[in-house]
Amino acid sequence: MIDPTELLAALPEHLPAHVARQRWSGAHDRAIDAVELRWHEVVRPGDPLLLWAVVRARFADGEEQDYQLFLGARSAEALPDFLNGKERETVAFFNEPAPGVIVYDALVDPELAIDVLHLTAPDAEAVVRRPIVLEHSNSSVVFDETTILKIFRKVEAGPNPDVEVPRVLAEHGYEHVLPSLAELRRDDADLAVLREFLVGSTEGWELARASVRDLLASRLQPEESGADFAPDAERLGAILAGLHLVMAEAWGAAPGEGAKWAEQMRANLDHAASAATEAGAADRLPVEAIGAQLVRLAALDDVGQQIRIHGDLHLAQVIKTDAGWKVLDFEGEPARRRDERFTTSSPLRDVAGMLRSLHYVAAVGRADWGDDDPSLVELADAWEQRNRDALLAGYFGTVGVDALLPPDQAAQEAVLAAFELDKAVYEVLYELGHRPDHLDIPLAGITRLLGAEAGA
């Protein structure tokens with residue numbers, strides 16, 4: 001029998017290091033002064049023990065963040081088999097009294113993961129579980145290849161958009177989302193959601209990457225290659241337009257605020273410029289030219305409508321199944337300020353996200369190929385342009401979506417270009433902090449966007 005009182009007393013000194021090394025914490029480069037329990041519940045006493053808790057991390061810079069933890073504890077002299085190779089999930093090992101107690105993330109424990117499932121869906125039946133490790137602010141566990149439980153790690157009051165939005169969209173008849181089968185909520189916070197797991201589904205990013213690989217291997221034009229992605233890109237454009245129409249119906253629409261959007265984008269640009277300066281790359285970010293496009297946005301009389309949007313749409317947020325495409329993850333961009341992540345905006349912000357994702361696929365695929373042949377560079381550029389055109393054709397060709405957009409083509413292009421530039425600036429900031437070797441990708445996108453606008 002494991003004494004939960006003794007466990008709780010011993011845990012606090014080990015939690016800062018545990019939280020800091022988790023992908024979902026976003027704290028890998030931030031010092032944590034302390035982690036304290038806000039509340040806890042012993043879901044399963046005994047041995048193994050399951051502890052459910054929300055903890056508050058206090059960072060050295062004065063900020064705080066609440067996280068949800070499911071901790072397992074077992075008597076053991078060595079790591080259980082399910083923890084082999086999962087040192088990141090191990091919290092602590094107390095070797096006195098013998099044989100000792102090991103504490104770990106319970107989601108990797110085949111037995112305790114079922115108990116976590118039953119907190120969300122008490123009547124659910126499951127035999128097999130497997131963790132899905134994602135670099136997001138959540139953890140997911142698949143049960144019997146039929147359902148997937150998404151655990152929200154960062155705890156914030158109020159409804160989580162990734163629970164609320166798919167539920168409302170499904171209620172309005174939008175078929176390209178996965179509605180909830182069960183939800184876990186406590187103290188006015190969404191903590192988990194259970195959904196159907198679609199076996200055989202493929203992420204949009206992987207389909208697009210396969211298309212680029214086939215293109216470069218065959219050296220044929222994009223429309224002639226065997227894995228042409230353009231039909232899927234056009235379909236995705238139409239699905240995105242349909243998403244925006246239903247969102248406008250469900251949450252309403254109001255006149256867009258171009259000046260406000262431009263002000264937010266300018267703040268993002270200044271942040272990225274400061275980071276570029278610190279990294280010695282200030283001369284690579286064309287701040288003045290980008291700023292001129294934001295001034296152009298602010299000066300527009302009619303920028304279309306603002307509606308509830310996805311907020312972080314890219315090819316890794318859509319999957320293709322036997323039943324067609326599904327849109328996932330409505331939580332917003334994790335690196336954005338919270339007041340930007342869940343607000344309304346132009347529907348063209350989502351379109352810009354998908355266009356930037358197409359650029360990344362082409363650039364990463366081309367870099368991975370490792371051949372500097374100029375003809376391959378031209379083919380990758382042609383692939384991106386073909387799929388941009390296809391996605392925009394599907395989007396703008398959807399009946400009714402024009403009511404949400406600026407009134408003329410010139411204004412539409414100006415608003416879309418501003419949001420694409422803003423997304424690329426966001427990418428610059430991300431790459432500076434996480435993958436400096438990828439910095440050329442968003443910078444090349446910015447150069448191309450500014451060149452296109454100059455020629456407009």
Any side-chain donor near an acceptor of the partner, [X] and [Y], under 3.5 Å:
X: His438; Y: Tyr360; result: no
X: Trp205; Y: Gln317; result: no
X: Asp109; Y: Tyr104; result: yes

[X] and [Y] ion-paired at < 4.0 Å:
X: Asp190; Y: Lys150; result: no
X: Arg388; Y: Glu420; result: yes
X: Asp105; Y: Arg153; result: yes
X: Arg366; Y: Glu384; result: no

Next on the checklist: Is the shortest side-chain heavy-atom distance between Lys326 and Glu196 below 4.5 Å?
Outcome noted: no
Checklist entry - Is there side-chain contact between Leu315 and Leu236, with at least one heavy-atom pair below 4.5 Å? => result yes
If we ignore hydrogens and angles and just use 3.5 Å, is the side chain of [X] paired with the main-chain N or O of [Y] as donor and acceptor?
X: Glu331; Y: Asp162; result: no
X: His14; Y: Phe93; result: no
X: His176; Y: Trp325; result: yes
X: Ser211; Y: Leu207; result: no
X: His314; Y: Ala316; result: yes
X: His172; Y: Val168; result: yes
X: His244; Y: Ile309; result: no
X: Tyr67; Y: Ser25; result: yes
X: His310; Y: Arg349; result: no
X: Gln306; Y: Ala254; result: no

Atom [atom1] in [X], atom [atom2] in [Y]: separation rounded to 0.5 Å?
X: Glu249; Y: Ile307; atom1: CD; atom2: CD1; result: 11.5 Å
X: Lys423; Y: Tyr430; atom1: NZ; atom2: OH; result: 11.0 Å
X: Leu37; Y: Trp39; atom1: CG; atom2: CH2; result: 10.5 Å
X: Glu257; Y: Ser346; atom1: CD; atom2: OG; result: 12.0 Å
X: Asp440; Y: Arg284; atom1: CG; atom2: CZ; result: 4.5 Å
X: Leu178; Y: Ile148; atom1: CG; atom2: CD1; result: 9.0 Å

Item to check | Residue pairs involving residues 249-292 (criterion ring pair (Phe, Tyr, Trp, His ring centres under 6.0 Å); sequence neighbours excluded) | outcome: Trp261-Phe419
Next on the checklist: For Arg185 and Leu191: C-alpha separation, side-chain torsions, deciding distance, then whether side chain to side chain contact (heavy atoms under 4.5 Å, CB included) applies.
Outcome noted: CA-CA 5 Å; Arg185 190 173 178 81; Leu191 298 176; over 6 Å; no
Around [X], counting heavy atoms of other residues, nucleotides and ligands shown, do more than 12 lie under 6.0 Å from its [atom1]?
X: Asp81; atom1: CG; answer: no
X: Glu125; atom1: CD; answer: no
X: Glu36; atom1: CD; answer: yes

Next on the checklist: So, using side-chain contact (heavy atoms from CB on, under 4.5 Å) as the criterion, who are the partners of Asp144 when residues are at least two apart?
Outcome noted: Ala126, Val127, Val128, Thr146
Item to check | Contacts of type salt bridge (charged side-chain N to carboxylate O under 4.0 Å, His left out), residue Asp350, not counting sequence neighbours | outcome: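 Result, salt bridge (charged side-chain N to carboxylate O under 4.0 Å, His left out) vs Asp350: none returned.
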